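First comes the structure, then the notes that go with it.
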Amino acid sequence: MRTITLKDVSKTFYDKSRKLTPVLAIKDFNLRVEDGESVVLLGPSGCGKTTLLRLIAGLEQPDRGEIFYNNVPLDEIPIEERGIGMVFQNYVLIPHWESRKTVGFFLRLRDREEEVPAHVNTVANITGVDIESLMGRFPRHLSGGEKQRVSIARAFARDLELLLFDEPFANLDAKFRAQARVELKRLIQEFKVTLLYVTHDQVEAMSVADRIVVINAGRIIQSGPYHKLHDDPDSLFVAEFLGTPTINAFWGRVSDGEWDGSYLGRAALPQYRPNGSEVIVGLRPEHISVCDKERGIPATIDRVIPFYAEKYALLEVWLRKRRWRIQVPLGERFQPGETVHCQLDWSRALFFDAESGDRIR
Ligand code: ATP
């Protein structure tokens, strides 16, 4: 079992030819992952997720700060004693190795090859998938899903303490991906390992994580369980990044101590703001409803998108050159071009400072 601690870690990439501006990939990063915890690093493309994982794996060196495994500096632990299993997006299987050789790599290094079948069996039993039949094949004879299983089996076939997964299921179709997540969760519970998992897919984050760490531009923006980040975000960035369909952001100004959204109406602010301040109201599509004419704000339907599995339809509507999203029950008849009248549930509104994006509570 492992704890991982990052203390004020920063990493900049410099271009050797010095033609390009240096990229500050990770900035003053502090994180502690507890023993047996599953933490998902979630953030947009280029925010530094892979760099973080590579730093923790010891594949990159931080410019500043320190990384500890079980409170021991990473540099002081020999690579072969780190007990890290890694799975990356492209599986990185060696083309001329059969799966058996790939899976047995670490145990063979330690003259314990006889333990490989037992490891493969355990993985197969837990996941309920026949891996043995893949063992005699080369990567070119494996489908994407099979390669992914072999690389997961390889990650587990060692004295494992920490798993580092970097978008391991990104190349799988949706059905396979859902199944793979369930299998992974079972393996983690059985092996009681610490997991750091990188993704930009929030459904994946939700199903794998005990805790999600939202990252942007190399920094932690907020961390917590999914429902907390979704319902109680600290910033407009987190509010907009989490939640499907995306939250609506309505711009307004403070007047007479209230938020004034012009044609959208007025709303009480949770905290005093001087008149003239710019404030954004975030309202999720499920908190806007279609109502009768007299009470509602008129908007024109642009698109109707049905989500059959989730049993709702998303209406994309226009009002004065602004596009919003409204969630309505599936089966109600709406047509593009039609005018609907909407009601906003102000009790669910989230307020943000327009300049900093910080939540006003
Ligand atoms: P994605 O989700 O697209 O994989 P990411 O969040 O994993 O992105 P990183 O791969 O960690 O992001 O990259 C963070 C930043 O560092 C990016 O701006 C990237 O261009 C830059 N970067 C990463 N590796 C290098 C490198 N070896 N040399 C120069 N810049 C790099």
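These numbers come from a predicted model, not from an experiment. Both backbone and side-chain heavy atoms feed into the values below; hydrogens, waters and symmetry mates do not. Note that ligands are numbered from 1 as they come in the structure, with each ligand's atoms numbered from 1 the same way.
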Side-chain (R154) to main-chain (S99) donor-acceptor, under 3.5 angstrom |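 Not at all, since once roles are kept as given, no pair shorter than 3.5 Å links the two residues.
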(message) Between R158 (side chain only) and I84 (backbone N and O only), is there a donor and an acceptor less than 3.5 Å apart?
(response)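 Such a contact is found between R158 side chain and I84 backbone.
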If you take the centroid of each ring, where Trp contributes its six-membered ring, are F105 and W97 closer together than 6.0 Å?
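Yes, close enough.
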(Q) Using 30° and 60° as the class boundaries, would you call the ring planes of F165 and F169 parallel, tilted or perpendicular? (A)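 Because their plane-to-plane angle is over 60°, the rings of F165 and F169 count as perpendicular.
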Counting heavy atoms only, name the option from [options] that's nearest to [atom].
atom	options	value
atom 1 (P) of ligand 1	P22, G46, G218	G46
atom 16 (O) of ligand 1	G48, G43, A217, A25	A25
atom 7 (O) of ligand 1	T50, L24, L52	T50

Do ligand 1 and F13 have nitrogen or oxygen atoms that lie under 3.5 Å from each other?
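No - when backbone and side-chain N and O of F13 are compared with those of ligand 1, no distance drops under 3.5 Å.
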Judged by modelled atom types alone, do E167 and H200 share a side-chain donor-acceptor pair under 3.5 Å?
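Result is yes, a qualifying pair exists.
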Going by atom types only, do Q271 and R273 share a side-chain donor-acceptor pair under 3.5 Å?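 Looking only at side-chain atoms, R273 and Q271 do form a donor-acceptor pair, the distance falling under 3.5 Å.
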[atom] [closest protein heavy-atom partner, distance rounded to 0.1 Å]:
atom	result
atom 21 (C) of ligand 1	V23 CG1, 3.8 Å
atom 3 (O) of ligand 1	S45 OG, 2.5 Å
atom 2 (O) of ligand 1	K49 NZ, 2.8 Å

| message | If the cut-off is 4.0 Å to any non-hydrogen atom of T51, which atoms of ligand 1 fall inside it? | response |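 This gives 9 (P), 11 (O), 13 (O), 14 (C) as the contact atoms.
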- Query: Do any non-hydrogen protein atoms sit less than 4.0 Å from atom 19 (C) of ligand 1?
  - Reply: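 When distances to the protein are checked, atom 19 (C) of ligand 1 has no heavy atom within 4.0 Å.
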Next item on the list: Consider ligand 1: state whether an atom of it lies below 4.0 angstrom from any non-hydrogen atom of C47.
Entry: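 Right, C47 reaches ligand 1.
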Inset, instruction - Treat each ILVMFWY residue as a node, draw an edge where side-chain heavy atoms are under 4.5 Å apart, and state whether I280 and L350 are in one component. - result: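 Yes, it is one cluster - the side chains of I280 and L350 are joined through contacts under 4.5 Å.
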